[in-house]
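Here's the structure we're looking at; comments come further down.
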Amino acid sequence: MRVTVLLFGRLHDLAGLRELECEVPREAAVSAVWQAVTGRFPAVAPYARSVSAAVNAEFVKMTTAVDEGDEVAFLPPVAGG
Amino acid sequence: MRVTVLLFGRLHDLAGLRELECEVPREAAVSAVWQAVTGRFPAVAPYARSVSAAVNAEFVKMTTAVDEGDEVAFLPPVAGG
Amino acid sequence: MSDRRLAIGPHVLDVGELAALVAGDEPGAHGAVVTFVGTVRNLNQGRRVIRLEYEAYEPLALRAFAIIRDEVAAHWPSARVAFHHRTGPIALGEASVAIAAASPRRADAFAACRYVIERLKQIAPVWKHEYFEDGDVWIEGAVADPSDEKAKEEAFRRSCA
Amino acid sequence: MSDRRLAIGPHVLDVGELAALVAGDEPGAHGAVVTFVGTVRNLNQGRRVIRLEYEAYEPLALRAFAIIRDEVAAHWPSARVAFHHRTGPIALGEASVAIAAASPRRADAFAACRYVIERLKQIAPVWKHEYFEDGDVWIEGAVADPSDEKAKEEAFRRSCA
């Protein structure tokens, strides 16, 4: 199934884009989407331990399952304020 | 010698005035001025333990000596803010 | 459900507006209003910043803001908070974040205001891109996880409640 | 020596003006500005206040303000503070005191701002006269003694430095 992936902050600099489509197996977890992203853009792989994620603009765990058409966002460590 | 006394807050309500002249002995302390005030206005006497004082717009102790013409202010407990 | 008290976007911040939003309608209902404004600094770790941009994931930021607002309500039921975060390029000296907190008790207003900025720094999906004479850097702080109890406790501790 | 950052009188308070005074001239020199506004409350210990007046010994108040400003400078050398107190009749919901504190570090700005309001309540020669439907009362708080070390420590403790 297909999901939309959003990359923020330094992740989009490293990947060279902000948004992409990913094919992942049915019932894939967010972590599988991340694997697909790092497969295409090895430069983002060092963020494996510090990345967090959101699905359809809700914070989720990497173990959360995604659905067809979901918007999956990967967030490097934040620096608001 | 003569000093000017200022009474603030509830003290002037109790005394019925905000400013008065007091005769005190040479080298009198602020506490002697307070005694003179309570002699004239016994209603303020209960403030003996909570009153603080200033001479010529500087905070002082009750033991500080006053001079001819000084402005001696008596301050009930404060409530700024 | 829209809440004018929570916003993120490229508009210039107005902390006075936020203070008015939390001060309430009834005259004198709140005794204390505390505000915080974070401005863009011209120095970061000894380097002179010449330009700066904030990027945000806006819909998720609004979720994070609502989470923070609800945490404040749980800790300080009498406190009301409003806060806006700016995005895009921000000139040096201008505000990137503005917070207002009101409560009948000043201790609660201070604590709620401080808690909001601590939590924003922990979980708001906002990223800061600093440009220097000779390069640029993405500032990265906390791993954003609203359910991290240790982070919440640290924010609460810093708010000195 | 006049200092626009410290004032007491019957004028309406403008906390935005105070924030601008401490924010400094150099763009981005200060990272955090915290303000406090104390507004007149319509309830005091269960009684409905209908009118309220502040009285002050203004020259001594300015001395007290300078003492507080200097204590802040000793505790938080990077912080700058400005604060104004209003006197005379004040309508419910209006501000009686406004404080602004700026520092490169938000912890210092919060602490300095909180310290100022705690010290003002301890030593500023200001008295509050509250009028109710059925009477009036002079609110009395602390015995004003700037040299009282215990009071200073309590204010410092509350500022959570």
Side-chain angles (χ1 to χ4, degrees), chain B residues 3-22 29-38 41-67 69-81, chain D residues 8 13 36-41 44 52-68 83-87 90 95-99 113-114 116-130 135-148 151 155:
Chain B
V3 297
T4 301
V5 172
L6 305 179
L7 300 175
F8 288 95
R10 191 154 168 259
L11 294 181
H12 70 63
D13 272 8
L14 292 169
L17 43 68
R18 290 171 188 272
E19 187 172 337
L20 61 148
E21 302 290 310
C22 268
V30 171
S31 57
V33 182
W34 175 252
Q35 289 305 321
V37 172
T38 58
F41 307 105
V44 308
Y47 279 86
R49 285 158 173 243
S50 61
V51 76
S52 52
V55 171
N56 301 331
E58 293 283 348
F59 289 98
V60 297
K61 304 283 182 196
M62 295 300 272
T63 51
T64 301
V66 297
D67 276 333
D70 276 353
E71 181 177 274
V72 182
F74 291 110
L75 323 171
V78 298
Chain D
I8 184 161
L13 302 178
F36 173 85
V37 172
T39 56
V40 171
R41 292 170 61 184
N44 191 352
L52 182 143
E53 276 182 40
Y54 277 92
E55 174 182 312
Y57 182 21
E58 296 195 3
L60 186 65
L62 290 175
R63 276 296 299 141
F65 291 6
I67 288 168
I68 294 168
F83 45 101
H84 290 181
H85 203 299
R86 189 168 168 190
T87 57
I90 305 187
S96 54
V97 62
I99 304 166
C113 188
R114 180 77 189 268
V116 170
I117 183 61
E118 297 301 327
R119 287 297 273 160
L120 282 175
K121 285 179 175 281
Q122 288 176 345
I123 69 168
V126 175
W127 298 273
K128 181 158 58 167
H129 201 170
E130 287 185 348
D136 67 281
V137 65
W138 282 96
I139 306 298
E140 296 184 340
V143 175
D145 178 3
S147 66
D148 179 344

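With respect to B:R10 and D:E140, no salt bridge is recorded, no charged nitrogen being found less than 4.0 Å from a carboxylate O. Ion pairing of D:E55 with B:R18 is present here, as a side-chain N (NZ or NE/NH1/NH2) and a carboxylate O approach within less than 4.0 Å.
The aromatic rings of B:H12 and D:W138 sit perpendicular to each other, their planes meeting at more than 60°, with 30° as the lower class boundary.
Only the backbone of D:A124 comes within contact range of chain B, judged by heavy atoms closer than 4.5 Å. Heavy atoms closer than 4.5 Å to chain B are found in the backbone of D:A56, but not in its side chain. If you measure heavy-atom distances from D:I67 to chain B, the contacts under 4.5 Å come from the side chain alone. Proximity to chain B is absent for every atom of D:E58, based on heavy atoms less than 4.5 angstrom apart. Of the atoms belonging to D:I139, heavy atoms from both backbone and side chain fall under 4.5 Å from chain B.
Considering every non-hydrogen atom in both B:A54 and D:Y57, the closest pair reads CB-CE2, 4.2 Å. Contact record, D:G141 with B:A79: N-CB, 4.2 Å, taken as the closest heavy-atom pair. For the residue pair B:F59 and D:I123, the shortest heavy atom distance occurs at CZ-O, 3.6 Å. The minimum heavy-atom distance linking B:G81 with D:S96 is given by the pair O-OG, 3.1 Å. The minimum heavy-atom distance between B:S52 and D:A144, with the atom names listed, is OG-O, 3.0 Å.
The distance from atom CG of D:D145 to atom NZ of B:K61, rounded to the nearest 0.5 Å, is 4.0 Å.
Of the listed residues (D:P125, D:P146, D:P59), the greatest number of heavy-atom pairs within a distance under 4.5 Å of chain B belongs to D:P146. Each of D:A61, D:S147, D:A142 has some count of heavy-atom pairs under 4.5 Å with chain B, and the biggest count is that of D:A142.
Under the 4.5 Å side-chain criterion, counting only non-hydrogen atoms from C-beta, B:S50 is in contact with D:V143. With a 4.5 Å cut-off on side-chain heavy atoms, D:K121 and B:V78 do not count as touching.
Checked by atom type and distance alone, the side chain of D:W127 pairs as donor or acceptor with a backbone atom of B:P76 at under 3.5 Å.
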